[in-house]
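The structure presented is a predicted model; accordingly, all values stated were derived computationally and were not measured. Throughout, numbering of the chain's residues begins at 1 and tracks the sequence. Basis for what follows: all heavy atoms, side chains included, without hydrogens, waters or symmetry-related copies.
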Amino acid sequence: MIYDIAKPLFFRLPPETAHGLVHRSLEMYQQTPLRSVVRDRYRVESERLQTTVFGQQFPNPVGVAAGFDKNAEIAPALGSLGFGFVEVGGVTASPQTGNPRPRMFRLPEDRGLINRMGLNNDGAAVIGERLDRLDTDFPVGVNIAKSEDVDPEDAPGDYRETYEQVASGGDFFVVNISCPNSQGFAELQNRDSMAAIIETLQTAGAAPLLVKLSPDLPEPAVDDALSIVEEFDLDGVVATNTTTDRPASLRSPARVEGGGLSGEPIKARSTEMVRYVAQRVDVPVVGVGGISSAEDAYQKIRAGARVVQLYTGLVYEGPSLARKINRGLLELLDRDGFESVEAAVGADL
Ligand SMILES: Cc1cc2nc3c(=O)[nH]c(=O)nc-3n(C[C@H](O)[C@H](O)[C@H](O)COP(=O)(O)O)c2cc1C
């Protein structure tokens with residue numbers, strides 16, 4: 001309700017300014033007693049939504065995707081809004097300012113966003129300390145990315161340096177080799193580069209370890225990536241990141257901007273990727289891309305996602321989205337006669 005009133009005002013601000021405002025408000029709010037009041041109203045408590053994936057217990061399957069809480073500052077606030085987990089980051093070894101602004105664009109007619117943030121973040125040391133101070137009753141994952149100034153051949157050591165600084169505070173770790181907005185990422189998704197990065201991280205002790213894939217990977221490259229997932233016995237696959245593709249259906253003027261497209265326009269494609277991965281490898285899939293309703297989340301779950309995440313949906317639907325999705329999921333489970341979310345995973349495969 002409140003967001004219905006606030007949204008037109010937010011949408012008059014540049015997207016990054018609006019995000020900054022929301023971020024600062026959540027940071028202040030999470031230090032007040034209001035947080036537990038809101039939590040009691042927004043967290044949908046149901047055993048049917050609980051799930052255990054890669055050794056972590058999720059109170060519900062709806063999480064916040066990487067990029068929303070880049071610096072690990074607002075996970076408690078996001079948890080109080082009813083999210084079942086948060087993936088912080090992308091984190092790089094040293095602080096980065098990212099690309100020049102503007103670098104985030106709304107596509108309201110398409111319910112999408114384009115961003116070319118370029119992995120702006122406070123750096124692994126600062127974020128690692130924040131993670132160590134966090135006390136949450138839900139899993140917090142860390143998205144680890146390659147530093148802008150590091151060449152692809154030096155990527156393994158760079159990922160390890162970052163991992164070591166965030167290791168003690170994360171519940172799971174996502175190797176981001178699919179960022180379309182920073183130098184040198186395109187080469188990281190080939191077989192040898194990916195294997196070298198993963199081997200280095202595993203040797204350093206990174207677990208549970210997941211890999212995040214681009215929806216733009218051609219099928220043979222996906223198959224290569226999945227063979228690495230199996231070879232290294234990875235704990236999961238996150239599908240998908242944003243796309244550099246521009247579907248012909250886009251109507252918003254901002255479609256011409258460079259960067260990664262997210263939201264409704266990538267929904268079907270990322271669901272297909274979830275399905276493709278779930279059909280081929282026996283590891284948990286985290287489904288992400290265009291989720292803004294219970295039906296969207298449910299489709300990804302039925303296509304094989306064990307848990308789901310979202311970012312762009314929050315911009316268009318506002319802070320009650322996790323509650324709406326969790327309540328809706330319970331109704332959909334009832335409708336289709338599933339005992340639990342876990343029972344619905346892969347129902348369409
Ligand atoms: C502004 C913005 C920043 C993002 N930053 C990251 C990031 O740092 N690392 C990453 O792996 N994904 C990042 N993403 C991608 C999201 O985590 C997610 O994979 C993608 O947006 C698709 O989900 P959505 O349609 O629900 O937004 C970012 C997305 C947006 C919109």
Side-chain angles (χ1 to χ4, degrees), residues 1-46 49 58-91 104 106 113 115 117 120-122 126-143 166 169-171 262-263 288 291-293 297 307-328:
M1 259 282 273
I2 294 172
Y3 196 65
D4 288 343
I5 300 164
K7 189 172 148 183
L9 302 174
F10 274 136
F11 273 41
R12 282 199 204 161
L13 299 170
E16 200 172 342
T17 310
H19 183 79
L21 201 63
V22 168
H23 197 284
R24 279 192 297 282
S25 309
L26 288 175
E27 231 181 316
M28 284 191 288
Y29 141 86
Q30 73 185 357
Q31 286 157 22
T32 70
L34 196 59
R35 173 157 67 101
S36 59
V37 178
V38 170
R39 186 193 176 284
D40 290 345
R41 294 193 54 185
Y42 278 65
R43 175 77 80 81
V44 181
E45 304 283 359
S46 166
L49 295 171
F58 295 77
N60 68 67
V62 185
V64 180
F68 197 86
D69 183 14
K70 281 186 180 287
N71 294 312
E73 291 167 313
I74 51 170
L78 294 168
S80 76
L81 295 176
F83 285 100
F85 66 108
V86 177
E87 184 179 325
V88 305
V91 185
M104 187 173 173
R106 291 187 201 97
L113 291 176
N115 91 84
M117 305 300 285
N120 54 308
N121 76 102
D122 290 345
V126 169
I127 293 174
E129 277 172 28
R130 278 190 201 126
L131 285 167
D132 285 338
R133 288 198 300 269
L134 268 186
D135 180 20
T136 59
D137 58 357
F138 52 85
V140 174
V142 188
N143 183 282
V166 296
D171 296 314
S262 59
V288 50
I291 294 175
S292 69
S293 69
V307 290
V308 297
Q309 302 175 303
L310 56 92
Y311 183 143
T312 307
L314 257 179
V315 173
Y316 288 96
E317 295 295 319
S320 56
L321 183 55
R323 179 174 67 178
K324 197 173 96 180
I325 293 179
N326 279 312
R327 283 180 175 167

Does G82 offer a backbone N or O that forms a donor-acceptor pair with the side chain of N60 under 3.5 Å? yes

By side-chain contact (heavy atoms from CB on, under 4.5 Å) - contacts of V126 (at least two apart): D122, R130

Ion pair R39/E45, N-O distance below 4.0 Å: yes

Is a side-chain donor or acceptor of R323 paired with a backbone partner of V44 at a separation under 3.5 angstrom? no

Without swapping roles, check the side chain of R106 against the backbone of F11 for a donor-acceptor pair under 3.5 Å. yes

F85 side chain near P59 side chain, heavy-atom distance below 4.5 Å: no

Do the charged groups of D137 and R43 touch, with an N to O distance under 4.0 Å? yes

Short question: side chain of S25, backbone of L21 - any donor-acceptor pair under 3.5 Å? yes

Donor-acceptor pair, side chain of K7 and main chain of Y316, under 3.5 angstrom: yes

The criterion is ring-ring contact (aromatic ring centres under 6.0 Å, His included); which residues satisfy it with F68, sequence neighbours excluded? H19, Y311

Would you find a donor on one side and an acceptor on the other, under 3.5 Å apart, between the side chain of N71 and the backbone of E73? no

Identify the two heavy atoms, one from A75 and one from Q30, that lie closest to each other, and give their separation to 0.1 Å. N-OE1, 4.3 Å

Would you say D69's side chain and V88's backbone share a donor-acceptor pair under 3.5 angstrom? no

